[in-house]
Each structure stands twice: as C-alpha cells, then as structure tokens.
Amino acid sequence: MTMVSTGRPNEITVKKSFDLLVYEAVSHIPFGQVATYGQIAELIGAYGCARQIGWSLKRLRLPSKIPWHRVINAKGEVSMSIGREGTDWIQIDLLKSEGVFIDQELKIQLRRYLWKPDLLKDSE
DNA sequence: CCTCTGACTCCTT
DNA sequence: AAAGGAGCCAGAG
C-alpha cells in the first residue's frame, strides 16, 4: 500500500491498509493488559484472520509507538519463532515490565490480563 | 497475475 | 493432554 512518505499517517488522506487497521486496534490495548490475535482480527472486522494479524505485526518497524507486545496467542503464550529474530524475547521483557506475570512455561493467565474491549465503548 | 510465506485458531483424534 | 490437519488471506516479489 502507499504509505505517506513524510510524517505520520493522516486518516483523511491515507487509504488504510489492513496493516494500519491492525495497528490502530492494537494501539487501544491498555497498559498491563493483553489481547489475542483472533481478538484483534475480530475487532477490525476480519473474523478468522488471526494469522494475518501476526504477519502485520511482523512488518512493523521497531521501535514503535504501537504496543505490539500486548498481542499474544489464544493459548496465553507469547508466540515464539526463530523468524522473529529475538523480538519474541523482547516482547516477554516488555510485558513483564508492565507487570504482567509470565510463568516458567511462558504462559500468561488470560483470565487475569485479557483486554475486554466491550467494557470500553468509547474506543474506535 | 501467480506463487509463496507465515508472530493463528479451531476441530478432531 | 497433546498432536495433526484444514482454513484463514494481505503483502511482497
């Protein structure tokens, strides 16, 4: 997609790509909470496209203002992959720094930290 | 236009 | 509990 070459994206002039929609939704995840890929997909009207969310995040240029580290998989784990070249471990560190408890098996209790966007109707 | 790549999820053994 | 398979589809080249 055509990105604005100068400055940040402008919602009026930029035709939003799928990536942009993802980043926008992700940016709404509150500090200290997490969301799943599938949840983000559903939020942007792409139910069932969880994989695509991960691929969008991979395209993100780091460092980024987008709280990309708050997105984990439905099992409550940070998705580990050699292809991420270490960003998965960075993600774990960032989550811990926000007070999210991660156990020895790298599991996160969704029961405790999962973001519930329905409670915040002002978003979007 | 065609093909390939994957940070996922759900359903079935 | 754990593993296998099918479906998911936007970008990049």
Side-chain angles (χ1 to χ4, degrees):
Chain A
M1 292 307 98
T2 310
M3 303 291 285
V4 203
S5 53
T6 64
R8 55 191 150 332
N10 176 319
E11 54 274 2
I12 297 175
T13 59
V14 174
K15 182 174 79 169
K16 293 181 183 173
S17 65
F18 185 89
D19 285 358
L20 251 15
L21 288 173
V22 171
Y23 302 153
E24 197 173 282
V26 169
S27 67
H28 287 132
I29 307 173
F31 181 97
Q33 292 184 44
V34 298
T36 67
Y37 297 98
Q39 193 177 1
I40 298 300
E42 199 168 350
L43 268 181
I44 66 175
Y47 178 80
C49 302
R51 302 188 75 190
Q52 187 58 25
I53 304 303
W55 309 335
S56 286
L57 292 178
K58 184 176 186 177
R59 280 177 225 118
L60 207 50
R61 301 284 186 82
L62 266 40
S64 168
K65 289 173 296 193
I66 308 294
W68 56 273
H69 57 282
R70 296 181 190 145
V71 185
I72 64 178
N73 67 32
K75 296 192 301 252
E77 305 169 317
V78 167
S79 287
M80 306 298 287
S81 168
I82 189 64
R84 297 185 57 179
E85 301 179 335
T87 59
D88 36 13
W89 291 101
I90 294 175
Q91 179 173 9
I92 289 172
D93 282 345
L94 286 171
L95 286 173
K96 284 181 177 173
S97 76
E98 294 192 355
V100 175
F101 176 73
I102 302 178
D103 71 19
Q104 285 194 325
E105 297 186 331
L106 300 182
K107 288 248 187 174
I108 294 168
Q109 293 183 28
L110 291 179
R111 194 103 165 231
R112 182 171 171 191
Y113 299 106
L114 187 64
W115 175 40
K116 297 176 181 69
D118 294 337
L119 300 180
L120 311 170
K121 286 184 60 180
D122 60 298
S123 297
E124 230 55 32

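Residue numbers start from 1 in every chain, and the chains themselves are labelled A, B, ... in the order their sequence lines are given, proteins ahead of strands. Because the structure is predicted, anything quoted here is derived from the model rather than measured.
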(message) Considering every strand and a 4.0 Å limit on heavy-atom distances, what is the contact class for A:D19: base, sugar-phosphate, or nothing?
(response) sugar-phosphate

(message) Can you measure A:K58 atom NZ to B:dA7 atom P for me and round it to whole angstrom units?
(response) 5 Å

(message) I need the NZ-C1' distance between A:K75 and B:dC8, as an integer number of Å.
(response) 8 Å

(message) So A:T36, base contact, sugar-phosphate only, or nothing? Heavy-atom distance under 4.0 Å.
(response) sugar-phosphate

(request) Starting at atom CZ of A:F18, determine the distance to atom C1' of B:dA7, rounded to an integer number of angstrom. (result) 13 Å

(message) Starting the side chain at C-beta, find the nucleotide from B:dA7, C:dC9, C:dC8 nearest to A:R51.
(response) C:dC8

(request) When you get a sec, tell me which of B:dC10, B:dA7, C:dC8 is the closest nucleotide to the side chain of A:C49? (result) C:dC8

(request) Send over the distance from A:I90 CD1 to B:dA7 P, rounded to a whole Å. (result) 16 Å

(request) State whether the side chain of A:E42 and the backbone N or O of A:Y47 hold a donor-acceptor pair below 3.5 Å, judged by distance alone. (result) no

(message) If hydrophobic clusters are built by linking Ile, Leu, Val, Met, Phe, Trp and Tyr wherever their side-chain heavy atoms come under 4.5 Å apart, do A:L60 and A:V78 end up in the same one?
(response) no

(message) Using whole Å, what does the distance between atom C1' of nucleotide B:dA7 and atom CE of A:M80 come to?
(response) 11 Å

(message) Quick check on DNA chain C: between A:G48 and A:R59, whose nearest nucleotide comes earlier from the 5' end?
(response) A:G48

(message) If I take atom OH in residue A:Y47 and atom C1' in nucleotide B:dC10, what distance separates them, rounded to the nearest angstrom?
(response) 8 Å

(message) The side chain of A:S17 is closest to which nucleotide in this list: B:dA7, C:dG11, B:dC10?
(response) C:dG11

(request) Look only at the side chain of A:T87 and the backbone of A:I90, and say whether a donor-acceptor pair between them is shorter than 3.5 Å. (result) no

(message) Tell me the interatomic distance from A:L20, atom CG, to C:dG11, atom C1', rounded to whole angstroms.
(response) 14 Å

(message) side chain to side chain contact (heavy atoms under 4.5 Å, CB included) for A:Y23 and A:S64? Distances and angles first, verdict last.
(response) CA-CA 10 Å; A:Y23 302 153; A:S64 168; over 6 Å; no

(request) Look at A:S56 and C:dG11 and indicate whether a side-chain polar atom (N or O) is within less than 4.0 Å of OP1 or OP2. (result) no

(request) Would you kindly confirm whether A:L21 and A:I66 end up in one hydrophobic cluster when ILVMFWY residues are joined by side chain heavy atoms under 4.5 Å apart? (result) yes

(message) Expressed as a whole number of angstroms, how long is the span from A:Y23:OH to B:dA7:C1'?
(response) 12 Å

